[in-house]
Asks: 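Next up is a structure, given as structure tokens.
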Amino acid sequence: MEAQIESFIEYCHKVKGTSRNTELSYRRDLYQLAGFLRARYQMTRVEDLTATALYGYIRFLEEKQRKAATISRNIASIRAFCHYLVREGVLMMDVSETLKAPRVEKKLPGVLSPEEVERLMDAVQGTSPKELRDKAMLELLYATGIRVSELIGLELSDLNMQIGYITCRDGLEERMVPFGKT
């Protein structure tokens, strides 16, 4: 089963252009599923996958009191994997199509108070290259609202100082984000 998981991850990377975080999540979720199937059903081949076994895994996650978001992400990983297996002719039918994801309550992200922002910005002092880099990173996060994963993935070539924008990428998606002088 692990060989098909790795083949699926490679397909996601090369063909679908998924982000590194998505690939890491898929790999983790599918290896956990494979471990469960091996332990509970002595199932080692993807050709033996059944909807019943998948429902058993979802029930196992619920019994472990996993959050709805975690279960939903696992179901998304399983569905993507099964869809791939059908596409490749490994499975004749998609055994995951009847899996229902639980409702996930969406929460708004917390917002820092002006005092907290000021303390955060003041936390980085000094003139060493590392301190200047850290200060610039905090300023960019605050000024643009980009994700930390986007910040970490930035390359020097993604920065346009003349026009004042950065290019952020997530997989094959790309967006241009303006920034100010500070």
Side-chain angles (χ1 to χ4, degrees), residues 1-110 137 141 144-159 166-177:
M1 195 171 293
E2 285 76 7
Q4 282 99 344
I5 292 172
E6 290 305 320
S7 178
F8 168 65
I9 300 298
E10 186 176 336
Y11 164 79
C12 289
H13 181 76
K14 290 182 177 175
V15 177
K16 302 292 258 181
T18 52
S19 71
R20 179 167 155 61
N21 286 342
T22 298
E23 293 164 15
L24 290 171
S25 293
Y26 280 169
R27 182 176 282 116
R28 181 183 55 246
D29 294 345
L30 295 172
Y31 271 90
Q32 287 175 358
L33 169 66
F36 170 84
L37 295 172
R38 189 177 304 106
R40 179 75 53 97
Y41 301 104
Q42 292 73 49
M43 190 181 299
T44 57
R45 298 172 353 116
V46 292
E47 295 85 355
D48 299 331
L49 267 176
T50 64
T52 302
L54 294 179
Y55 275 110
Y57 180 62
I58 301 308
R59 181 74 186 126
F60 168 77
L61 293 175
E62 291 168 346
E63 288 169 1
K64 290 280 225 179
Q65 298 184 335
R66 298 294 187 246
K67 293 185 178 182
T70 300
I71 294 172
S72 289
R73 192 200 63 237
N74 270 269
I75 290 173
S77 298
I78 293 166
R79 281 184 181 153
F81 183 53
C82 287
H83 183 75
Y84 165 78
L85 293 173
V86 169
R87 183 184 171 281
E88 294 295 307
V90 177
L91 292 179
M92 297 308 291
M93 60 181 263
D94 188 346
V95 294
S96 71
E97 67 186 0
T98 59
L99 291 178
K100 298 270 191 264
R103 288 187 68 108
V104 177
E105 184 180 317
K106 292 188 177 188
K107 298 178 192 171
L108 292 174
M137 289 171 72
L141 284 170
T144 62
I146 64 173
R147 299 174 191 95
V148 172
S149 61
E150 291 174 322
L151 174 72
I152 292 169
L154 286 177
E155 302 285 334
L156 197 54
S157 60
D158 296 329
L159 176 69
I166 53 175
T167 304
C168 296
R169 290 179 188 79
D170 186 14
L172 293 178
E173 290 185 29
E174 182 176 290
R175 64 189 182 114
M176 297 167 76
V177 181

Asks: For Glu10, give me all partners under side-chain hydrogen bond (donor to acceptor under 3.5 Å, both in side chains), at least two apart in sequence or on another chain.
Replies: Lys14
Asks: Let me confirm one number: the CZ-CD distance from Arg28 to Gln32, rounded to the nearest 0.5 Å.
Replies: 7.0 Å
Asks: Decide yes or no on side-chain hydrogen bond (donor to acceptor under 3.5 Å, both in side chains) for Ser7 and Tyr84, but give the supporting numbers first.
Replies: CA-CA 10 Å; Ser7 178; Tyr84 165 78; 2.6 Å; yes
Asks: Just do the side-chain contact (heavy atoms from CB on, under 4.5 Å) check on Ile146 and Ile166 with the steps written out, would you?
Replies: CA-CA 10 Å; Ile146 64 173; Ile166 53 175; 3.9 Å; yes
Asks: Can any side-chain N or O of Ser72 pair as donor or acceptor with the backbone N or O of Ala68 at less than 3.5 Å?
Replies: yes
Asks: Do the charged groups of Glu2 and Arg38 touch, with an N to O distance under 4.0 Å?
Replies: yes
Asks: With a cut-off of 6.0 Å (strictly less than), are more than 12 heavy atoms of other residues, nucleotides or ligands near CD of Gln65?
Replies: no
Asks: Establish, from distance only, whether the side-chain atoms of Tyr41 and Thr50 form a donor-acceptor pair under 3.5 Å.
Replies: no
Asks: Atom CG of Asp48 and atom CD of Gln42: how far apart are they, to the nearest 0.5 Å?
Replies: 11.5 Å
Asks: Kindly assign one of parallel, tilted or perpendicular to the pair Phe36 and Tyr57, based on the angle between their ring planes and the thresholds 30° and 60°.
Replies: tilted
Asks: Please report the shortest heavy-atom distance between Val46 and Met1, naming the atom on each side.
Replies: CG1-CG, 3.3 Å
Asks: Given Arg169 and Asp158, is the side-chain contact (heavy atoms from CB on, under 4.5 Å) satisfied, shown in steps?
Replies: CA-CA 9 Å; Arg169 290 179 188 79; Asp158 296 329; 2.4 Å; yes
Asks: Is Arg175 salt-bridged to Glu150, going by a charged N under 4.0 Å from an acidic O?
Replies: yes
Asks: Is any side-chain heavy atom of Thr167 closer than 4.5 Å to one of Val177?
Replies: no
Asks: If you define the side chain from C-beta out and look only at heavy atoms, does anything of Tyr31 sit under 4.5 Å from Glu6?
Replies: yes
Asks: Could you walk me through whether Ile5 and Leu33 satisfy the side-chain contact (heavy atoms from CB on, under 4.5 Å) test, starting with their C-alpha distance in whole Å, then the side-chain angles of each, then the deciding distance to 0.1 Å, before giving a yes or no?
Replies: CA-CA 11 Å; Ile5 292 172; Leu33 169 66; over 6 Å; no
Asks: Measuring from Leu99:CG to Leu54:CG, what's the distance to the nearest 0.5 Å?
Replies: 5.5 Å
Asks: Please round to the nearest 0.5 Å and tell me the distance separating atom CG of Leu151 and atom CE of Met137.
Replies: 4.0 Å
Asks: Just to verify, which of Arg45, Glu88, Glu47 counts as forming a side chain to side chain contact (heavy atoms under 4.5 Å, CB included) with Gln4?
Replies: Glu47
Asks: Identify whether the distance between the nearest side-chain nitrogen and carboxylate oxygen of Arg59 and Glu63 falls below 4.0 Å.
Replies: yes
Asks: Working to the nearest 0.5 angstrom, can you tell me the gap between Glu174 CD and Cys168 SG?
Replies: 9.5 Å
Asks: Decide whether Asp29 and Ser77 meet the rule of one side-chain donor and one side-chain acceptor closer than 3.5 Å.
Replies: yes
Asks: Please confirm whether the backbone N or O of Thr70 pairs with a side-chain atom of Asn74, one donor and one acceptor, at under 3.5 Å?
Replies: yes
Asks: Would you please indicate yes or no on a ring centroid separation below 6.0 angstrom for Phe8 and Tyr26?
Replies: yes
Asks: Considering non-hydrogen atoms only, spot the tightest contact between Ala101 and Ile75 and give its length.
Replies: CA-CD1, 3.7 Å
Asks: Could you go through the side-chain hydrogen bond (donor to acceptor under 3.5 Å, both in side chains) check for Asp94 and Ser96 one step at a time?
Replies: CA-CA 5 Å; Asp94 188 346; Ser96 71; 2.6 Å; yes
Asks: Going from NZ on Lys64 to CD1 on Ile71, what distance comes out if it is rounded to the nearest 0.5 angstrom?
Replies: 12.5 Å
Asks: If you count the non-hydrogen atoms of other residues, nucleotides and ligands that lie under 6.0 Å from CZ in Arg147, is the total more than 12?
Replies: no
Asks: Sub-3.5 Å donor-acceptor pair from the side chain of Thr22 to the main-chain atoms of Thr18, do we have one?
Replies: no
